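Structure, as structure tokens:
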Amino acid sequence: MSLQPIKIGLLGLGTVGGGTINLLRRNAEEIARRAGRGIVVISAAARDLDKTRTLSLEGIRLTGNAQDVVADPEVEIVCELIGGIEPARALVLAAIERGKHVVTANKALIALHGNEIFAAAQRKGVMVAFEAAVAGGIPIIKAIREGLSGNRIQTVAGIINGTCNYILTEMRERGADFQTVLAEAQRLGYAEADPSVDIDGVDAAHKLTILASIAFGIPLQFDKVYTEGIGRIGAMDIAYADELGYRIKSLGIARHAGDGIELRVHPTLIPKRHPIAGVEGVMNAVLVVGDAVGPTMFYGRGAGAEPTASAVVSDLVDVVRAMTSDPENRVPHLAFQPNAMSDITVKPMESVQTAYYLRMNAVDKPGVLANVTAILGKLGISIEAIIQKVPDPAANVVPVIFLTQRVQERNMNEAIHAIEALDSISGSVFRVRVEMLE
Ligand code: NDP
Ligand code: HSE
């Protein structure tokens, strides 16, 4: 290759930063053959320069001040792998202001500040690439933004948080305890710096915001995503779901419903026969349904050093290839031309329709089930299945599980409120939404 290598400034030397350095080195020749020139990291920033790192940092200038990397005149592409909002946002905007291209894995930053960042990048004629921000190593951004651009996309749904899927899988397969598995996910580098971001569904909501934007050509609207975490799913729910023929997965669902867009992240019962039900551990899978192509599914590792580095490096190669092209001829950041975004609204959760799994503790006396079914019937909610367990003599209550047919969330809220008010029901009703993903 006769051209000089492209010089990268790396912000962050953690799980993904380390994976990126290793991958760029190990596959340097392959990468240069694809990009048309070499790609080398010349400077990098971390918070604590005294930290012991197993990573070889030979030939890389190190600093504790990330702005030094952004300001380094030799750096042509800034790779932001710090995470969080600040200082990541300020650093990315500073890089853009200096006319540098940016590659980031930071879904929180893109979901919350992407509209501002892409507008700034467009003004300066630079690229901001973010493949690693969604579903780790799966090239889902490229697939939707480029591979499916002839389609009217109807649904994007899937497992987009590796930590949650790892926890739910280990709880079901090994009967492992939630906190123990979460600690394992942290040790393996899957979890966010604050793991409640994973558990509470916020990380998946960041990713869903991005997916919905590139699928439907709508602005990034993180605040409109209905978000529910996996913290209340217990071993008994996993077992009851299994008995009914379902698996519980944390799903992100973005659906074009004609009169609006559904955007929701929540634990979901899906039939065991659906391919997504078989996606286990840290693996992610995204189902994309287009009007022309029909259903397509993308599967791979959703977190971890090298799978994520795979996406970061492919963005670096893409940026290097497109650097000499005119900005107006590049793939738009959010798939659609910035002046052609749709203003279709995001539907409130109350008007979304799904089926439901309901678990409640009924006092063990005659007539209780009749009271519950009367409430459901009055609100037009049909019952698909009921499981009643053996009463616990000590507690004098019996767990009862209902599986309902599809109904508007508004009606289900009303039904749950009325059921909880019954004297014969102890405590609250626990609901998990059910999707067939047909
Ligand atoms: P880590 O916590 O492992 O690494 C973060 C790195 O950033 C560390 O090297 C840290 O320094 C450095 N850092 C933090 N603050 C500063 C600062 N102010 N200035 C300079 N350096 C700083 O995070 P990950 O590598 O796991 O994640 C990085 C990004 O990638 C996040 O946006 C995350 O959401 C995203 N991501 C992560 C995936 C994963 O599997 N881990 C998968 C997909 C995306 P020090 O080492 O000194 O503490
Ligand atoms: N914490 C994230 C996950 C990392 O578990 O999926 C990948 O985005």
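Each ligand, and each atom within it, is numbered from 1 in the order the structure gives. Small disclaimer: the values here were computed from a predicted structure and weren't measured.
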Any non-hydrogen atom of [X] lying under 4.0 Å from ligand 1?
X    : value
G136 : no
A193 : no
R53  : yes
L11  : no

Numbering the atoms of ligand 1 from 1, which are under 4.0 Å from a heavy atom of [X]?
X    : value
E192 : 33 (C), 34 (O)
L81  : 5 (C), 6 (C), 7 (O), 28 (C)
A132 : 43 (C), 44 (C)

Could you tell me whether [X] and [Y] make a salt bridge, using a distance below 4.0 angstrom between a side-chain N and a carboxylate O?
X    : Y    : answer
R61  : D72  : yes
E435 : K249 : no
R89  : E86  : yes
D242 : K272 : yes
K107 : E192 : yes
E29  : R34  : no
E76  : R98  : no

Please check whether [X] reaches ligand 1 - meaning an N/O of the residue sits under 3.5 Å from an N/O of the ligand, judged on distance alone.
X    : result
G17  : no
G84  : no
T15  : yes
A191 : no
G12  : no

Could you identify the single nearest non-hydrogen protein atom to [atom] and state the distance to 0.1 Å?
atom                    : value
atom 32 (O) of ligand 1 : G83 CA, 3.1 Å
atom 37 (C) of ligand 1 : V16 CG2, 3.5 Å
atom 11 (O) of ligand 1 : R47 N, 3.1 Å
atom 4 (O) of ligand 1  : G14 CA, 3.3 Å
atom 7 (C) of ligand 2  : G302 O, 3.2 Å
atom 39 (C) of ligand 1 : G189 O, 3.5 Å
atom 40 (O) of ligand 1 : G304 N, 2.7 Å
atom 16 (C) of ligand 1 : I82 CG2, 3.8 Å
atom 5 (O) of ligand 2  : T163 OG1, 2.6 Å
atom 8 (O) of ligand 2  : K107 NZ, 2.5 Å
atom 30 (O) of ligand 1 : A105 CB, 3.5 Å

Regarding [X] and [Y], is there a side-chain donor-to-acceptor distance under 3.5 Å anywhere?
X    : Y    : answer
D198 : Y190 : no
E350 : N413 : yes
Q353 : Q408 : no
E409 : Y356 : yes
E262 : Y226 : no
D194 : S196 : yes

Pull out every atom of ligand 2 sitting under 4.0 Å from any heavy atom of [X], numbered as shown with elements.
X    : value
D198 : 1 (N), 2 (C), 3 (C), 5 (O)
K207 : 2 (C), 3 (C), 6 (O), 7 (C), 8 (O)
E192 : 1 (N), 2 (C), 4 (C)
A303 : 4 (C), 7 (C)

Residue portion contacting ligand 2 (non-hydrogen atoms closer than 4.0 Å) for N161: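 Looking at N161 and ligand 2, atoms from backbone and side chain both fall under 4.0 Å.
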Proximity to ligand 2 by part of D203, non-hydrogen separation under 4.0 Å: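 For D203, the contact with ligand 2 is made by the side chain alone.
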Step through the shown structure and confirm whether more than 12 heavy atoms of other residues, nucleotides or ligands are within 6.0 Å of [atom1] on [X].
X    : atom1 : answer
R25  : CZ    : yes
E420 : CD    : yes
Q221 : CD    : yes
R26  : CZ    : yes
R145 : CZ    : yes

Heavy-atom nearest neighbour of atom 42 (C) of ligand 1 within options T20, L55, T308, T63: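 Looking at heavy atoms only, T308 sits closest to atom 42 (C) of ligand 1.
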Under-4.0 Å heavy-atom contact between protein and atom 18 (N) of ligand 1: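 Yes, because at least one protein heavy atom sits under 4.0 Å from atom 18 (N) of ligand 1.
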Atom 47 (O) of ligand 1 protein-contacted (non-hydrogen atom, under 4.0 angstrom):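 It does; a protein heavy atom is within 4.0 Å.
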Cationic tip of R172 above Y240 ring, under 6.0 Å, 45° of axis: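 No cation-pi geometry.
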G162, any N or O under 3.5 Å of ligand 2 N or O: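 It does: an N or O of G162 is found under 3.5 Å from an N or O of ligand 2.
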Per-residue contact class, A108 against ligand 1 - non-hydrogen pairs under 4.0 Å: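 For A108, there is no contact with ligand 1 at all, from either part.
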Location of contacts on A303 toward ligand 1, heavy atoms closer than 4.0 Å: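 It is both parts that get close, each with some atom under 4.0 Å.
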Parallel, tilted or perpendicular: ring planes of H206 versus F222, cut at 30 and 60 degrees: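 H206 and F222: tilted rings.
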